Amino acid sequence: MSEIRLRFAPSPTGFLHIGGARTALFNWLLARKEKGKFILRIEDTDVARSTKESVDAILEGMTWLGLDWDEGPFYQSDNFPLYREYVEKLLAAGKAYKCYCTPEELDRKRELAISEGRKPKYDGACRDLKEERPGAPFVVRFRAPLEGTTAFDDLIKGRISFQNEELDDLIIQRTDGTPTYNFTVVIDDVSMGITTVIRGDDHVNNTPRQILLYEALGCPVPEFAHVPMILGADKSRLSKRHGATSVMAYRDMGFLPEAMVNYLVRLGWSHGDEEIFTLDELIDKFTIEAVGRSAGVFNPDKLLWLNAHYIKTGDPERLAGLLLPFLPERGVDVTGGPDLTAVVRTLQDRSRTMLEMADGTVFYYTSDFEYDEKSVTKFLTPAGRELCAEVAARLEKADDLSHDAVAAIFEGMCADRGVKLKDVAQPIRFALTGGAPSPAIYDVIGVLGREESVRRIRRALSL
RNA sequence: GGUCCCAUCGUCUAGCGGUUAGGACACCGGCCUUUCACGUCGGUAACAGGGGUUCAAGUCCCCUUGGGAUCACCA
């Protein structure tokens, strides 16, 4: 069997959004699984709406998710001569014809049809025109069959069929000579040798027209797989009012790409009871047939849970690197402070996003924070002060600040003084962190180091 | 409105004729505990409705209802 060739073909009119990313992911996974090719094509025939910024944003999003492409990016705007050639070919074969109807005329007919309760499809006024009208502006329409049915076996949805009479003669070339979408996709998918088209659900209605075009061109029809839409909590199409829809916005909100990939793939696809998948596992286990047929609601809570999981189990060093961009805006400067990787280790279990983790780093790198007055009286009671002073003294003599060693110091003190751990840990936590929820206090001391820990305790005691 | 698609806990889903309808997120309890978390144990919660087919239907068929997509010289 020949190599499978798939493509992701976004139009560069905005950033890479959640839905597009999932479509790209499914294409990529199948390509990797079947050892085929994954091709990136930019659909920028709408010159007015397409921007370079959007192209960059889409590539950035793909790269962030780890979806690399084997060929491209190709730009449809580079293929205009090719499309023109095919239009001529169809025209010469009588499979397309020139239509001189003006947009105004068409609008009028459409309105009329709707008001009379008829289908608003092209009436075929120019379909059988005997002669050309030199100099007159025209569009080129595809001569679609009037009867019969066009059907295909969707890899996800099963057999879908349409009555040809429902389809009208679509415009393949505009008055200005530029080609239209339904035509360019077909030409490109043919010329790029695409064997399988995985795309959004919103394209099912375009599929029969495209199949007819393949047939008119005498080209093999690819397989189709239409992936269901992603909806917001109110079951309407996912949009800004449901929250961020840009993939990169999630990076900026402190999400890890592996969490996003894992979430996206599980939205509409499953493998038994499994929830957590690495990219490699996905390549191994993914099948397009297992993708569900119904639309799914985007659930930020579950994404958050996955993100927490990947932060918890992630490599601290890598996380430290990813954390860096979030620190300046919090006034955190790691130079001269505790080792960031060590800091990350204490925060992994309690951070659901890198943003939360970044917040958690602040006290480590702020040695002159303010102590809240109310809390001072709450934690630094006479007894608390006494205990803190002794901890400082014992810490000063300690040469090992490993978790176990610090634990031994605290436990030893509790035994000597006959107090509960809580009685000493809480005042110390307050002295070291300013009272914020913090990682385990033994670890905080270990990360802060002896000098800084003692200094902070003495400073609190001086209040 | 026409056409097309879809329908299991609130959400993502398992189920592919015979199950106490399973898992996950969220939620609610217990435990753990130096704060906050993590973790752990347990709990609430679903086959949209109606007809068939069958010894047997969440699973197959039809209808109803509900939801979504699409009907451009946009992609």
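This structure is a prediction, so every number in the text was calculated from the model and none was measured. Letters A, B, ... mirror the listed sequences (proteins, then strands); counts begin at 1.
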Is the A:F369 ring parallel, tilted or perpendicular to the A:Y371 ring (thresholds 30°, 60°)?
-> perpendicular
Find the partner of [N]: check Watson-Crick (N1-N3 plus N6-O4 or O6-N4) and G-U wobble (N1-O2, O6-N3) distances, both under 3.5 Å, and reply none if neither fits.
{"N": "B:A45", "answer": "none"}
{"N": "B:C36", "answer": "none"}
{"N": "B:U65", "answer": "B:A7"}
{"N": "B:C55", "answer": "B:G18"}

Give the rounded distance in Å between these two atoms: [atom1] of [X] and [atom2] of [N].
{"X": "A:F410", "N": "B:U33", "atom1": "CZ", "atom2": "C1'", "answer": "15 Å"}
{"X": "A:F277", "N": "B:A24", "atom1": "CZ", "atom2": "P", "answer": "14 Å"}
{"X": "A:L303", "N": "B:A26", "atom1": "CG", "atom2": "P", "answer": "12 Å"}
{"X": "A:F430", "N": "B:U35", "atom1": "CZ", "atom2": "P", "answer": "17 Å"}
{"X": "A:H309", "N": "B:G23", "atom1": "NE2", "atom2": "P", "answer": "20 Å"}
{"X": "A:Y97", "N": "B:C73", "atom1": "OH", "atom2": "C1'", "answer": "13 Å"}
{"X": "A:K235", "N": "B:A48", "atom1": "NZ", "atom2": "C1'", "answer": "11 Å"}
{"X": "A:R159", "N": "B:U3", "atom1": "CZ", "atom2": "C1'", "answer": "17 Å"}

Only one of A:W269, A:Y250, A:F298 passes ring pair (Phe, Tyr, Trp, His ring centres under 6.0 Å) with A:Y263; say which it is.
->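 Among A:W269, A:Y250, A:F298, the one that satisfies the ring pair (Phe, Tyr, Trp, His ring centres under 6.0 Å) with A:Y263 is A:F298.
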Ignoring hydrogens and angles, does a donor from either the side chain of A:E275 or the base of B:G23 sit under 3.5 Å from an acceptor on the other?
->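 Looking at the base of B:G23, it does pair with a donor or acceptor on the side chain of A:E275 (distance under 3.5 Å).
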For B:C36, does OP1 or OP2 lie under 4.0 Å from any side-chain N or O of A:S438?
->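 Result: no.
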A:K312 vs B:A37: side-chain N/O to OP1/OP2 distance below 4.0 Å =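 No.
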Would you mind classifying the nucleic acid contact of [X] as base, sugar-phosphate or nothing, using non-hydrogen atoms under 4.0 angstrom?
{"X": "A:F162", "result": "sugar-phosphate"}
{"X": "A:T175", "result": "base"}
{"X": "A:R293", "result": "sugar-phosphate"}
{"X": "A:S161", "result": "sugar-phosphate"}
{"X": "A:P439", "result": "base"}
{"X": "A:A440", "result": "base"}
{"X": "A:T178", "result": "nothing"}
{"X": "A:I441", "result": "base"}
{"X": "A:G268", "result": "sugar-phosphate"}

How far does the [atom1] atom of [N] sit from the matching atom of [M], given to the nearest Å?
{"N": "B:G17", "M": "B:C60", "atom1": "P", "result": "8 Å"}
{"N": "B:U11", "M": "B:A46", "atom1": "P", "result": "12 Å"}
{"N": "B:G18", "M": "B:A56", "atom1": "C1'", "result": "6 Å"}

Select one nucleotide: of [options], the one nearest the side-chain heavy atoms of [X].
{"X": "A:K157", "options": "B:C5, B:C12, B:A75", "result": "B:C5"}
{"X": "A:T180", "options": "B:A75, B:C25, B:A69", "result": "B:A75"}
{"X": "A:E166", "options": "B:U3, B:U35, B:C38", "result": "B:U3"}
{"X": "A:P103", "options": "B:C73, B:A69, B:C5", "result": "B:C73"}
{"X": "A:D273", "options": "B:U35, B:U11, B:G22", "result": "B:G22"}
{"X": "A:K302", "options": "B:A24, B:C6, B:U35", "result": "B:A24"}
{"X": "A:R237", "options": "B:C73, B:A69, B:G39", "result": "B:A69"}
{"X": "A:R350", "options": "B:A37, B:U13, B:U34", "result": "B:A37"}
{"X": "A:H203", "options": "B:C38, B:U35, B:A75", "result": "B:A75"}
{"X": "A:M229", "options": "B:U34, B:G68, B:A75", "result": "B:G68"}

So, are [X] and [Y] salt-bridged, with charged N and O less than 4.0 Å apart?
{"X": "A:E390", "Y": "A:R394", "result": "yes"}
{"X": "A:R41", "Y": "A:D189", "result": "yes"}
{"X": "A:E274", "Y": "A:K285", "result": "yes"}
{"X": "A:E275", "Y": "A:K302", "result": "yes"}

Could you identify which residues of residues 417-425 of chain A place a heavy atom less than 4.0 Å from some atom of RNA chain B, listed by residue number, or say none?
-> A:L421, A:K422, A:A425
Quick one: do A:L129 and A:Y97 satisfy side-chain contact (heavy atoms from CB on, under 4.5 Å)? Show the steps, please.
-> CA-CA 9 Å; A:L129 241 38; A:Y97 60 92; over 6 Å; no
Drop me the distance from A:I311's CD1 to A:M354's CE, to the nearest 0.5 angstrom.
->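 Reported value, rounded in 0.5 Å steps: 5.5 Å.
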Atom of A:V185, atom of A:E43 and distance for their closest heavy-atom approach |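 Heavy atoms of A:V185 and A:E43 come nearest at CG1-OE2, 4.0 Å.
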